[in-house]
Protein chains: 2
Amino acid sequence: MENRVTALLREKGFKVTPQRLAIYKVLANSKAHPSAENIFQQLQPYYPTMSLATVYKTVEILKEIGLIQVLNAGEDSFRYDADTSMHPHIRCLQCGRVDDLHDIDINTFIGQVAEKTPYRLTGQQFYFYGCCPVCQGKPAN
Amino acid sequence: MENRVTALLREKGFKVTPQRLAIYKVLANSKAHPSAENIFQQLQPYYPTMSLATVYKTVEILKEIGLIQVLNAGEDSFRYDADTSMHPHIRCLQCGRVDDLHDIDINTFIGQVAEKTPYRLTGQQFYFYGCCPVCQGKPAN
DNA sequence: TAATAACGAATAATAGTTATCTATTTATAT
DNA sequence: ATATAAATAGATAACTATTATTCGTTATTA
Ligand SMILES: [Mn+2]
Ligand SMILES: [Mn+2]
Ligand SMILES: [Zn+2]
Ligand SMILES: [Zn+2]
């Protein structure tokens with residue numbers, strides 16, 4: 001699983017370092033769409049000398065070589081996702097969690113837009129907002 | 001047209017000031033989805049003493065009372081839109097302009113998501129990315 | 001018109017992100 | 001294995017969008 005990352009980094013002219021592999025692994029093993037700060041905190045115990053700037057530089061590289069995608073769900077910071085397939089996201093406005101929406105047909109919608117817009121389409125992001133199951137169970141504080 | 005804004009501000013307990021009306025008017029008369037900085041610059045000649053902080057406070061109020069919506073199209077700043085109807089947006093990755101996508105059926109898509117997610121849905125934003133007609137005409141620099 | 005609550009402008013502060021600099025590490029060729 | 005050159009990590013400073021604070025001014029209401 002890391003072989004693919006290693007190979008792709010080298011192929012694109014980037015060096016393979018433990019920090020980069022670790023940062024990718026955090027994203028690949030998470031469904032929580034962590035922010036740079038999140039990633040940094042998760043790796044603190046294992047890479048106590050790593051700086052936040054390294055996280056930012058690394059996610060930029062990972063995005064460039066197509067290993068991750070960057071999300072901007074209307075928050076004050078970006079989130080990162082190792083699942084680069086096109087899928088909508090939903091954010092809980094109470095607790096802030098961001099989940100995937102799978103098994104949704106997005107192609108009909110995209111096709112409709114492609115037909116009507118004079119733009120040449122290259123990508124899209126779909127963000128839904130609401131209240132997650134956990135927060136629905138809680139009394140509204 | 002300003003009567004509605006005036007009335008709504010008062011009704012919600014906010015005072016009606018020339019700055020607020022001017023900021024709303026900029027948004028209502030624009031299809032460019034300006035940022036706070038854009039709004040500020042447009043009003044500079046007419047309100048040379050107005051500060052950027054006033055723009056930020058005002059758009060926050062306008063959002064709260066439902067007169068505008070806030071967009072986050074993956075840029076480093078927010079954009080504001082006086083058209084509060086739910087409509088997708090498309091951003092040109094070359095020149096940065098953000099346009100509306102009208103006459104698109106979004107309800108089928110939203111309905112599909114509402115059925116499948118355990119979240120209680122309250123809103124959504126759809127962002128498309130691509131190359132606008134103007135930039136397509138240009139040689140790729 | 002006077003009282004009062006809200007406001008605008010100026011300023012400082014905050015937070016996410018990016019740039020710079022240098023010792024260290026990786027990749028590659030001996 | 002070792003040497004060499006290029007790229008990197010970490011430390012730090014800088015930058016930018018946004019928010020908070022303060023205080024003299026203004027809009028509202030009676
Ligand atoms: Mn995802
Ligand atoms: Mn719009
Ligand atoms: Zn929640
Ligand atoms: Zn363009």
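The analysis underlying the following values was restricted to heavy atoms, covering all of them including side chains, and did not include hydrogens, waters or symmetry mates. In what follows, chains are A, B, ... by sequence order, proteins preceding strands, each numbered from 1.
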| Quick one: A:E75 CD to C:dA15 P, roughly how many Å, whole number? | 16 Å
| Just how far, in rounded Å, is P of D:dA9 from CD of A:E60? | 14 Å
| query | Has the side chain of A:K57 got a donor or acceptor atom sitting under 3.5 Å from an opposite partner on the base of D:dG10? | reply | yes
| said: Please determine whether a side-chain nitrogen or oxygen atom of B:T49 lies at a distance below 4.0 Å from atom OP1 or OP2 of C:dA9. | reply: yes
| What is the distance from CG of B:L62 to P of C:dC7, rounded to the nearest Å? | 12 Å
| What's the shortest heavy-atom distance between A:C132 and A:R97, and which atoms? | SG-CD, 4.0 Å
| request: Indicate, with a heavy-atom threshold strictly under 4.0 Å, whether A:P18 touches base, sugar-phosphate, or nothing. | output: sugar-phosphate
| query | Is there a ring-ring contact (aromatic ring centres under 6.0 Å, His included) between A:F109 and B:F128 once you walk through the steps? | reply | CA-CA 11 Å; A:F109 183 45; B:F128 290 83; 5.7 Å; yes
| field | Whole angstrom value for the distance that separates P of D:dT8 from CD of A:E64 | value | 11 Å
| note | Tightest non-hydrogen contact, residues A:R91 and B:Y119, listed as C-CE2, 3.9 Å
| Thinking salt bridges, do B:K63 and B:E60 make one under a 4.0 Å N-O criterion? | yes
| message | On the nucleotide D:dT16, are OP1 or OP2 found under 4.0 Å from the side-chain N or O atoms that B:S77 carries? | response | no
| Is any side-chain nitrogen or oxygen of A:Q19 closer than 4.0 Å to OP1 or OP2 of D:dG10? | yes
| task | Report yes if at least one side-chain N or O of A:Y56 is closer than 4.0 Å to OP1 or OP2 of C:dT18; otherwise report no. | result | no
| field | Residue whose nearest DNA chain D nucleotide is more 5′ - B:F14 or A:G13 | value | A:G13
| task | Calculate the interatomic distance between B:D76 atom CG and C:dA15 atom P; express it in whole Å. | result | 19 Å
| request: Could you work out which one of D:dT8, C:dG16, D:dA20 sits closest to the side chain of A:T17? | output: D:dT8
| task | In whole angstrom, give the distance that lies between atom CG of A:N72 and atom P of C:dG16. | result | 13 Å
| C:dT14 C1' sits how many Å from A:L52 CG, rounded? | 15 Å
| task | Would you mind classifying the nucleic acid contact of A:T54 as base, sugar-phosphate or nothing, using non-hydrogen atoms under 4.0 angstrom? | result | base
| field | Shortest side-chain distance from B:K15, nucleotide among C:dA27, D:dT18, C:dA6 | value | C:dA6
| OP1 or OP2 of C:dT26 sitting under 4.0 Å from any side-chain N/O of A:R20? | no
| task | Rounded to the nearest angstrom, tell me the gap between atom CG in A:L21 and atom C1' in D:dT8. | result | 13 Å
| request: Quick one: sort the B:H89 and B:H33 rings into parallel, tilted or perpendicular, breaks at 30° and 60°. | output: perpendicular
| query | Closest nucleotide of DNA chain D for B:R10 versus for B:F78: which of these residues is on the 5' side? | reply | B:F78
